[in-house]
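Naming: A, B, ... by sequence-line order, numbering from 1 per chain.
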Protein chains: 2
Amino acid sequence: MATIQDIANRANVSKSTVSRVLNKSSVVENGKREAVIRAMEALDYRPSVIAQSLAGGKSMTIGIVTQNIGSPFTDTIAQGVISGLAGTGYSPIFVDGQWQQSAESEVIRTLLGRNVDGLVLIGGHIPTEDINKLRTQLPTIAIARELDGWDSQCIHVDNEDAGFRATKHLLDFGHRDIAMICGIKEHPDASNRFKGYSRALAAAGIIPSSELVYQGDFSAQSGVLAVNSWLASGTHFSAIFAANDMVAFGARLALHRHGIRVPDDVSIIGFDDQAESAFMTPPLTTMRQPAAEMGAAGAAAITQLIAGESPELPELAIELQIRESVARLR
Amino acid sequence: MATIQDIANRANVSKSTVSRVLNKSSVVENGKREAVIRAMEALDYRPSVIAQSLAGGKSMTIGIVTQNIGSPFTDTIAQGVISGLAGTGYSPIFVDGQWQQSAESEVIRTLLGRNVDGLVLIGGHIPTEDINKLRTQLPTIAIARELDGWDSQCIHVDNEDAGFRATKHLLDFGHRDIAMICGIKEHPDASNRFKGYSRALAAAGIIPSSELVYQGDFSAQSGVLAVNSWLASGTHFSAIFAANDMVAFGARLALHRHGIRVPDDVSIIGFDDQAESAFMTPPLTTMRQPAAEMGAAGAAAITQLIAGESPELPELAIELQIRESVARLR
DNA sequence: GAACAATATGAAACCGGTTTCATTCGCCGC
DNA sequence: GCGGCGAATGAAACCGGTTTCATATTGTTC
């Protein structure tokens, strides 16, 4: 590979001059500039990002910390970030936060060692204190995670409100005995959705029954377990609010196994609107999270943040996606 | 951040010595070694990967080229690579091949500019010639793609055989009018699956009817279109072989809309076994691709290749995952 | 005890850029 | 016509490591 020195030799100028035309950091006489450009083309020159990083202190690299790898929602966000970063000159490097117990130890080590220019945190359970520490060292954007006093650097959506609206949708259709299958207990999104559920019931004058809430874990399997346990205990419900679409799939299957029709006998509403949901039988009514958009917004925000601008975060909202899994209570 | 020079000063040795204990590249007297180690701990030293890259020529970075971002299958492979690379010291950097038309132009530019030590190609349609060019420059592993004369660097599974077995499974259950919804025409996996389908029919003495094969594109939507078109034209079929699970979901929904039962009236077999498939109603019989394993194998292989060893590729097979969407023809 | 081999270590060059600093040159005004 | 100033450019230092090479030190052998 040609180096900057090769270019300099060929164009009969110094390294410095080549660097100048490369970065437009200073005026260069026209003749020399052209000579340099010709030389670069002739030698198919491409600067070494590595060397630029070392000299310039910038690595043109952004660390992406994933935790819930395998979850359709966070994976979609990650894809949004990748494509959002394409063409910006920044390359995403991925770190799996799950791999090491302590985020502090390995993740931060690799990221700082690699001089990443910025950090994008996707969801996850990295302790807040660690994040705050990171944040002081690097431009950081968190996606799908709320952090106190951080509004301008968090891309998140209002899960509590969405939980409320999901439940309200069910209430509007006449349902009273609304069961909920919760997500991972410690997960803020999960608890916010549950809070919205509780608030909606309360607002409708319904006393939430603890029998109707099942502590799941965002997996489809937890959806079938929830339904089975309610059915076994004879608990009555006419609608289910699932913490996410995977859970809804599980619940839907369990109902099917017991000969319970959806939505005729029981309605289901999900959360996420993953690609498969539109093709469930029946197509799943769900709260659509704009995952890809969140990822893209995160990509845009981090580059702005690095550039010293204050990022402008788009208004992203969770929207009720009405399909066919919810019916009026007969 | 502490540099190697800081350590050297604190331990009263030279940079060279510090570098030696760091890489164990040469023997260092015990006393000094310990002094160095103490100094490193005291200063919380972490070497700059950037500087190491520049000096050593290695970047400890592996380029991952994705193309079909959004496809459950390739995404799962990518996740497998990420987690397979965790803890190896190599970091994956992602490039979205789709972004630029010509693979040559941008992708290769960024990758070479970043001095990646190796390349992992996931699926995709990068022209073979470009790949061959790349391959001469860098250790390269291709996942989910066959390339002539490259066996030791391709992690792929036998799609033709799997297509054969899927079709045979349907035949074994008494089906004769077996429809197929194909994937993207140009995609080798798609055409191999179709070849297997044709071969199985031929082996059973059935003349494949062109009306029974629908040219889809791996999307769920193409699944519904296929079914609708057959139904509209009055084409008879008792089983469907879908190019992947998404297509199967679409087909299943379309059948549902027409009141056709699965598997009682029509059987469906899919391909991939993505997470949702086990929770389709009814759970989908499908050809399971070991996507995560392929990704992990790719990660292992690329590190071996870089180390100069010849990679040992595990035997990965597509397995028939029998569930409930295929029934004996009544 | 002297000559020589083996071993540990430091100085310096190098990787490929950026950036500071000094120098040269041309142009301006008085 | 000369001093002064700004613009263009090159030399050199620097980023943080690795690696070569030379040197100092120790140990071995006869």
Side-chain angles (χ1 to χ4, degrees), chain A residues 1-37 39-40 43-61 89 91 109-117 306, chain B residues 1-37 39-40 43-61 89 91 109-117 306:
Chain A
M1 295 257 312
T3 76
I4 204 175
Q5 185 66 62
D6 300 332
I7 307 295
N9 294 342
R10 193 173 222 272
N12 282 320
V13 296
S14 70
K15 286 165 55 175
S16 324
T17 301
V18 178
S19 173
R20 285 182 187 111
V21 344
L22 208 53
N23 313 322
K24 310 191 203 327
S25 55
S26 156
V27 194
V28 173
E29 188 212 351
N30 250 326
K32 304 206 177 188
R33 149 176 301 105
E34 280 162 17
V36 168
I37 293 179
M40 297 204 291
L43 271 50
D44 190 25
Y45 171 74
R46 45 192 72 147
S48 154
V49 181
I50 302 280
Q52 288 178 319
S53 305
L54 185 56
K58 316 272 82 188
S59 66
M60 297 309 283
T61 271
S91 297
R109 175 169 230 88
T110 38
L111 291 178
L112 294 187
R114 281 180 181 274
N115 261 28
V116 297
D117 295 338
I306 292 174
Chain B
M1 294 257 316
T3 77
I4 205 175
Q5 185 66 61
D6 300 331
I7 307 296
N9 294 343
R10 192 173 223 272
N12 283 318
V13 296
S14 71
K15 286 164 57 175
S16 326
T17 303
V18 178
S19 173
R20 284 180 187 114
V21 344
L22 208 52
N23 313 322
K24 310 191 203 328
S25 54
S26 155
V27 194
V28 172
E29 186 212 350
N30 250 326
K32 304 206 178 191
R33 151 175 299 107
E34 281 162 15
V36 167
I37 293 179
M40 297 205 293
L43 272 51
D44 190 25
Y45 171 75
R46 46 193 68 147
S48 153
V49 181
I50 303 279
Q52 287 178 320
S53 305
L54 184 56
K58 318 270 82 188
S59 66
M60 297 308 283
T61 271
S91 296
R109 177 169 227 86
T110 40
L111 291 176
L112 293 187
R114 282 181 181 275
N115 259 30
V116 297
D117 295 337
I306 292 173

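Of all nucleotides listed (D:dG10, D:dA8, C:dG17), D:dG10 comes nearest to the side chain of A:Ser14. Relative to the side chain of B:Leu54, the nucleotides D:dG17, C:dG16, C:dG17 differ in distance, and C:dG16 lies closest. Minimum atom distance to the side chain of B:Tyr45 is reached by D:dG17, of the listed D:dA12, D:dG17, C:dA11. The nucleotide whose nearest atom lies closest to any side-chain atom of B:Glu29 is, among C:dT9, D:dT9, D:dG16, C:dT9. Of the candidate nucleotides C:dG10, D:dG16, C:dG17, C:dG10 has the atom lying nearest to any side-chain atom of B:Thr17.
Between the side chain of A:Ser48 and the backbone N or O of B:Gly113 there is no donor-acceptor pair closer than 3.5 Å. A donor-acceptor pair under 3.5 Å links the side-chain atoms of B:Ser59 to the main chain of B:Asn115, judged by distance alone. A:Asp6 places a side-chain N or O within donor-acceptor distance of the main-chain N or O of A:Thr3, the cut-off being under 3.5 Å.
Take the nearest nucleotide of DNA chain C for B:Ala55 and for B:Asn30: the residue whose nucleotide is more 5' is B:Asn30. Each of A:Val13 and A:Gly56 was matched to the nucleotide of DNA chain D holding its nearest heavy atom; the match closer to the 5' end belongs to A:Val13.
For the pair A:Ile4 CD1 and C:dC14 C1', the interatomic distance rounds to 16 Å; values are reported in whole Å. Summarising the geometry, the separation between CD1 on A:Ile7 and P on C:dG16 is reported as 12 Å, rounded to the nearest angstrom. Straight-line distance from the CE atom of A:Met60 to the P atom of C:dT18: 12 Å, rounded to whole Å. Per the geometry, CZ belonging to A:Arg114 stands 15 Å off C1' belonging to D:dG17, to the nearest Å. Note: CG (B:Asp6) to C1' (D:dG17) measures 13 Å, nearest angstrom. In this entry the distance linking NZ of A:Lys58 with P of D:dC15 reads 16 Å, nearest Å. Rounded to whole Å, the distance from CG on B:Leu22 to C1' on D:dT18 is 10 Å. Taking atom NZ on B:Lys15 and atom C1' on D:dT20, their separation rounds to 13 Å, with Å as the unit.
No side-chain heavy atom of B:Val36 sits under 4.5 Å from any side-chain heavy atom of B:Arg33.
Contact between the side-chain N/O atoms of A:Ser19 and the OP1/OP2 oxygens of C:dT18 is found at a separation under 4.0 Å. Between A:Gln52 and C:dT18 there is a side-chain N or O to OP1 or OP2 distance below 4.0 Å. Residue A:Gln5 places no side-chain N or O under 4.0 Å from the OP1 or OP2 atom of C:dG16. Considering only side-chain N and O atoms, A:Lys32 lies under 4.0 angstrom from the phosphate OP1 or OP2 of D:dG10.
Once rounded to the nearest 0.5 Å, the distance linking CG of B:Leu111 with OG1 of B:Thr61 reads 10.0 Å. Atoms CD1 and CD1, on B:Ile37 and B:Ile7 in that order, are 11.0 Å from each other to the nearest 0.5 Å.
Note on A:Val18: nothing from the nucleic acid sits closer than 4.0 angstrom, heavy atoms only.
In the interface, the side chain of B:Ser16 is paired with the base of C:dA11 through a donor and an acceptor atom under 3.5 Å apart.
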